[in-house]
2 protein chains.
Amino acid sequence: MELFKVGEIAKEVGINVETLRYYEKIKLMPKPKRIESRYRIYDVSDLRRLRFIVRAKELGFTLKEIHELLSLKIEKSSTCGDVKHIAEHKLDDIKKRISDLNSMQNILEKLIDQCTNEELSTDVCPILEVIDEKFQ
Amino acid sequence: MELFKVGEIAKEVGINVETLRYYEKIKLMPKPKRIESRYRIYDVSDLRRLRFIVRAKELGFTLKEIHELLSLKIEKSSTCGDVKHIAEHKLDDIKKRISDLNSMQNILEKLIDQCTNEELSTDVCPILEVIDEKFQ
DNA sequence: ATAATATCCGTACCATACTACGGAGTCAAG
DNA sequence: CTTGACTCCGTAGTATGGTACGGATATTAT
């Protein structure tokens, strides 16, 4: 069983120690076990959770949203409906994000292609075509 | 030709007037024309740009990144290579985002399905499987 | 065994992205 | 023709998500 001190796990995921303490403070990360010296000790499940947090942040989710995503689990039969409801909401949001990112991808590919072919300049913003694809 | 006062265009895209003034201050939005009273007057191209900004923000891009995306245009042949380079970078980032969001989508769909079938509880976080998909 | 490095904690500071305030001028409706 | 809503501007305050500081212990390397 692999264990990490705070500096080790922080380095592993590319954040710094203070940030990890901050995540603990706001309850995004659970309080870890301590050894006699009061040093924090993390295990692989902490590493997994932390990796998710870091990547979800890069994907543009707020810490609050990440917390909600991590809370999506069926703990008692009574909360099953709630979980489903929230998950459907998140799913909807994610589908829209994917769709809009796909539009951006298309535009960027077109733009790169134009650049490659040394086409003549335009004074417009190609990226704004994303909006044209989306609205009307 | 449709024209808007600051309050009208702000309402149209769902931000408030101060935010729009802020975007102008940081040069994310261009300085608009003024009528005699010094009131700002916006047109449809401003609306288009503003809609892009708002959605890109929701997608998790910072205002700086949005500025870069909006600056991606071929103005002189000399900048063509630069534009291509930046666009390729952005494209790469966007592709990775889409891929990870797809993972999340799969997990959420599975979770919703489990909820629908009233399956038994688990004390784990289903969403963390996203990480398992990514790191072998 | 002692120096360098890591961790502890609380608190203060920082950047980004707004949001509110307040006094003055402008415009539109009754 | 005035009253209420809108806009002007600068400046100050707020929320989120960290980052830095600094003195005290703990651990590790030489």
Side-chain angles (χ1 to χ4, degrees), chain A residues 2-43 46-47 49-71 90 93 97, chain B residues 2-43 46-47 49-71 90 93 97:
Chain A
E2 240 186 315
L3 298 175
F4 311 87
K5 281 191 281 184
V6 66
E8 292 165 350
I9 196 171
K11 192 175 177 190
E12 190 72 29
V13 300
I15 62 175
N16 66 39
V17 171
E18 286 87 355
T19 304
L20 187 42
R21 284 212 301 135
Y22 173 69
Y23 288 167
E24 182 180 329
K25 197 170 133 201
I26 64 170
K27 289 161 207 266
L28 191 55
M29 284 295 287
K31 290 190 180 187
K33 294 205 178 77
R34 303 290 186 113
I35 49 177
E36 328 74 55
S37 56
R38 302 182 43 68
Y39 280 19
R40 292 167 175 82
I41 292 298
Y42 298 92
D43 61 26
D46 295 312
L47 180 58
R49 186 179 177 101
L50 201 46
R51 277 202 174 116
F52 177 81
I53 293 168
V54 169
R55 184 56 186 150
K57 220 165 50 63
E58 286 167 2
L59 291 176
F61 293 96
T62 65
L63 298 188
K64 191 167 170 250
E65 287 170 328
I66 294 169
H67 194 88
E68 286 164 8
L69 286 168
L70 287 168
S71 304
K90 295 285 177 202
D93 168 57
R97 287 187 193 222
Chain B
E2 239 185 314
L3 299 175
F4 311 87
K5 280 190 283 185
V6 68
E8 291 164 350
I9 196 172
K11 193 175 177 191
E12 190 71 29
V13 299
I15 63 175
N16 67 41
V17 171
E18 285 87 355
T19 304
L20 187 43
R21 282 212 303 136
Y22 173 68
Y23 289 166
E24 182 180 330
K25 197 170 133 200
I26 64 170
K27 290 161 205 268
L28 190 54
M29 285 294 290
K31 289 190 181 190
K33 293 204 179 79
R34 304 287 186 116
I35 49 178
E36 330 75 53
S37 55
R38 304 180 43 66
Y39 281 18
R40 291 167 175 81
I41 292 298
Y42 298 92
D43 62 26
D46 295 311
L47 180 58
R49 187 178 177 102
L50 202 46
R51 279 204 172 116
F52 177 81
I53 293 169
V54 169
R55 184 57 185 150
K57 219 165 52 62
E58 287 167 0
L59 291 176
F61 293 95
T62 65
L63 298 187
K64 191 166 170 252
E65 286 171 329
I66 295 169
H67 193 89
E68 284 164 11
L69 286 168
L70 287 169
S71 303
K90 297 284 177 201
D93 167 57
R97 285 193 199 210

Under 4.0 Å between a side-chain N or O of B/T19 and OP1 or OP2 of C/dA17?
-> no
Please confirm whether any donor atom in the side chain of B/Y39 sits under 3.5 Å from an acceptor in the base of C/dG25, or the reverse.
-> yes
Round to the nearest Å and state the distance from A/E18 atom CD to C/dA12 atom P.
-> 17 Å
Would you say the base of D/dG18 and the side-chain of A/R21 have a donor-acceptor pair closer than 3.5 Å?
-> no
Would you kindly compare A/I41 and A/K25 by the position of their nearest DNA chain C nucleotide and give the one closer to the 5′ end?
-> A/I41
What is the distance, rounded to the nearest whole Å, between atom CD of A/E8 and atom C1' of C/dT5?
-> 13 Å
Could you state the CG-P distance from B/L20 to D/dC6, rounded to the nearest angstrom?
-> 16 Å
d(OH, B/Y22; P, C/dA20) in whole Å = 15 Å
Map B/Y23 and B/R38 onto DNA chain C by nearest heavy atom, then report which one ends up closer to the 5' terminus.
-> B/Y23
Would you kindly give the CZ-to-C1' distance between A/R40 and D/dT25, to the nearest whole Å?
-> 14 Å
Donor-acceptor under 3.5 Å (B/T19 side chain, B/I15 main chain) | no
When you check the phosphate oxygens OP1 and OP2 of C/dC18, does a side-chain N or O of B/N16 lie under 4.0 Å from one of them?
-> no
Between A/I66 (CD1) and D/dT16 (C1'), how many Å, whole number?
-> 12 Å
Looking at B/I35, B/I9, B/D43, which hits side chain to side chain contact (heavy atoms under 4.5 Å, CB included) with B/L3?
-> B/D43
Is a side-chain N or O of B/R97 found less than 3.5 angstrom from the main chain of B/L59, in a donor-acceptor match?
-> yes
So, are B/R21 and B/E18 salt-bridged, with charged N and O less than 4.0 Å apart?
-> no
Do A/Y23 and A/I66 come close enough that some side-chain heavy atom pair is under 4.5 Å?
-> no
Toward the 5' end of DNA chain D, which comes first, B/K5 or A/S37, by nearest nucleotide?
-> B/K5
In whole Å, what is the span from the CD1 atom of B/I15 to the P atom of C/dA20?
-> 14 Å
How close or far is atom P of C/dT7 from atom NZ of A/K11, stated in whole angstroms?
-> 11 Å
